[in-house]
Amino acid sequence: MVLVHLSEAPHHQMRMSVLANMCGLSLSGMTRVVNRLESRSLVLRGKSPDDGRAWIAVLTSSGWTQLKQAWPTNLASVRRHIFLAWRAATSRRRRYWSA
(Lines give C-alpha, C1' and ligand atoms only; values in the text may rest on other atoms or scores of the structure.)
Protein backbone atom coordinates (compact mmCIF):
# COMPACT_ATOMS: atom_id res chain seq x y z
CA MET A 1 0.00 0.00 0.00
CA VAL A 2 2.93 2.34 0.58
CA LEU A 3 3.80 2.47 -3.11
CA VAL A 4 0.14 2.98 -4.05
CA HIS A 5 -0.27 5.88 -1.61
CA LEU A 6 2.94 7.49 -2.84
CA SER A 7 1.89 7.05 -6.47
CA GLU A 8 -1.31 8.97 -5.76
CA ALA A 9 0.36 11.76 -3.76
CA PRO A 10 1.41 15.08 -5.30
CA HIS A 11 4.94 14.74 -6.73
CA HIS A 12 4.86 11.09 -5.58
CA GLN A 13 5.96 12.11 -2.09
CA MET A 14 4.43 12.23 1.35
CA ARG A 15 5.41 12.95 4.93
CA MET A 16 6.29 9.75 6.74
CA SER A 17 3.80 10.51 9.54
CA VAL A 18 0.93 10.97 7.06
CA LEU A 19 1.92 7.84 5.16
CA ALA A 20 2.06 5.85 8.41
CA ASN A 21 -1.41 7.07 9.35
CA MET A 22 -2.84 6.19 5.92
CA CYS A 23 -1.40 2.67 6.17
CA GLY A 24 -2.50 2.17 9.77
CA LEU A 25 1.06 1.85 11.07
CA SER A 26 3.03 3.53 13.80
CA LEU A 27 5.76 5.88 12.68
CA SER A 28 8.41 3.35 13.71
CA GLY A 29 6.57 0.64 11.77
CA MET A 30 6.48 2.85 8.69
CA THR A 31 10.19 3.57 9.12
CA ARG A 32 10.91 -0.17 8.98
CA VAL A 33 8.75 -0.59 5.86
CA VAL A 34 10.39 2.36 4.12
CA ASN A 35 13.85 1.05 5.10
CA ARG A 36 13.06 -2.20 3.25
CA LEU A 37 11.66 -0.35 0.23
CA GLU A 38 14.64 2.00 0.24
CA SER A 39 17.06 -0.95 0.26
CA ARG A 40 15.36 -2.14 -2.94
CA SER A 41 15.58 1.39 -4.48
CA LEU A 42 11.78 1.67 -4.67
CA VAL A 43 11.56 4.65 -2.33
CA LEU A 44 13.87 7.45 -1.23
CA ARG A 45 13.68 9.16 2.11
CA GLY A 46 14.68 12.74 2.74
CA LYS A 47 14.09 15.81 4.85
CA SER A 48 10.97 17.80 4.09
CA PRO A 49 11.81 21.08 2.30
CA ASP A 50 8.91 22.72 4.15
CA ASP A 51 9.72 21.47 7.66
CA GLY A 52 13.28 20.48 8.52
CA ARG A 53 12.03 18.28 11.36
CA ALA A 54 9.86 16.09 9.12
CA TRP A 55 10.90 13.27 6.82
CA ILE A 56 9.29 12.46 3.49
CA ALA A 57 9.16 9.29 1.44
CA VAL A 58 9.45 9.67 -2.33
CA LEU A 59 8.50 7.06 -4.92
CA THR A 60 11.44 6.39 -7.27
CA SER A 61 11.17 5.58 -10.95
CA SER A 62 12.04 1.97 -10.05
CA GLY A 63 9.23 1.99 -7.50
CA TRP A 64 6.81 3.33 -10.10
CA THR A 65 7.88 0.61 -12.57
CA GLN A 66 7.47 -2.09 -9.93
CA LEU A 67 4.02 -0.78 -9.05
CA LYS A 68 2.92 -0.70 -12.70
CA GLN A 69 4.09 -4.28 -13.18
CA ALA A 70 2.11 -5.40 -10.11
CA TRP A 71 -1.15 -3.71 -11.12
CA PRO A 72 -2.56 -6.48 -13.37
CA THR A 73 -2.05 -9.13 -10.68
CA ASN A 74 -3.39 -6.85 -7.97
CA LEU A 75 -6.41 -5.88 -10.06
CA ALA A 76 -7.21 -9.53 -10.79
CA SER A 77 -7.05 -10.30 -7.06
CA VAL A 78 -9.32 -7.39 -6.16
CA ARG A 79 -11.83 -8.36 -8.85
CA ARG A 80 -11.81 -11.98 -7.66
CA HIS A 81 -12.44 -10.97 -4.05
CA ILE A 82 -15.20 -8.54 -4.99
CA PHE A 83 -16.88 -11.16 -7.18
CA LEU A 84 -16.71 -13.76 -4.38
CA ALA A 85 -18.13 -11.26 -1.88
CA TRP A 86 -20.91 -10.29 -4.31
CA ARG A 87 -21.76 -13.94 -4.97
CA ALA A 88 -21.90 -14.71 -1.23
CA ALA A 89 -24.13 -11.70 -0.58
CA THR A 90 -26.45 -12.70 -3.42
CA SER A 91 -26.70 -16.20 -2.02
CA ARG A 92 -27.56 -14.83 1.46
CA ARG A 93 -30.27 -12.58 -0.03
CA ARG A 94 -31.79 -15.50 -1.92
CA ARG A 95 -31.90 -17.63 1.23
CA TYR A 96 -33.40 -14.76 3.22
CA TRP A 97 -36.18 -14.05 0.73
CA SER A 98 -37.00 -17.69 0.09
CA ALA A 99 -37.43 -18.44 3.81
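Since we're looking at a predicted model, the values are computed, not measured. Numbering starts at 1 and runs along the sequence shown.
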Any side-chain heavy atom of [X] within less than 4.5 Å of one from [Y]?
{"X": "Arg45", "Y": "Thr31", "answer": "yes"}
{"X": "Arg15", "Y": "Trp55", "answer": "no"}
{"X": "Leu3", "Y": "Val43", "answer": "yes"}
{"X": "Arg36", "Y": "Val33", "answer": "yes"}

Is there a path of hydrophobic side-chain contacts, each under 4.5 Å between heavy atoms of I/L/V/M/F/W/Y residues, joining [Y] to [X]?
{"X": "Trp64", "Y": "Ile56", "answer": "no"}
{"X": "Val58", "Y": "Met1", "answer": "no"}
{"X": "Leu6", "Y": "Val18", "answer": "yes"}

Mind listing the closest non-hydrogen atom pair of [X] and [Y] along with its distance?
{"X": "Ala9", "Y": "Met14", "result": "CB-CE, 3.6 Å"}
{"X": "Ser7", "Y": "Val4", "result": "OG-O, 2.7 Å"}
{"X": "Leu19", "Y": "Ala57", "result": "CD2-CB, 4.0 Å"}

| task | Could you check Thr60 against Ser62 for side-chain hydrogen bond (donor to acceptor under 3.5 Å, both in side chains), going step by step and ending with a plain yes or no? | result | CA-CA 5 Å; Thr60 64; Ser62 296; 4.5 Å; no

| message | Between Met30 and Val2, does the side-chain contact (heavy atoms from CB on, under 4.5 Å) criterion hold? Intermediate values first, please. | response | CA-CA 9 Å; Met30 181 53 64; Val2 172; 3.9 Å; yes

| message | Rounded at 0.5 Å granularity, tell me how far CD in Glu8 sits from CG in Leu59. | response |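 Going from CD on Glu8 over to CG on Leu59, the span is 11.0 Å.
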
| Roughly how far, to the nearest 0.5 Å, is the OG atom of Ser41 from the CD atom of Gln66? |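 With rounding to 0.5 Å, CD (Gln66) is 11.0 Å from OG (Ser41).
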
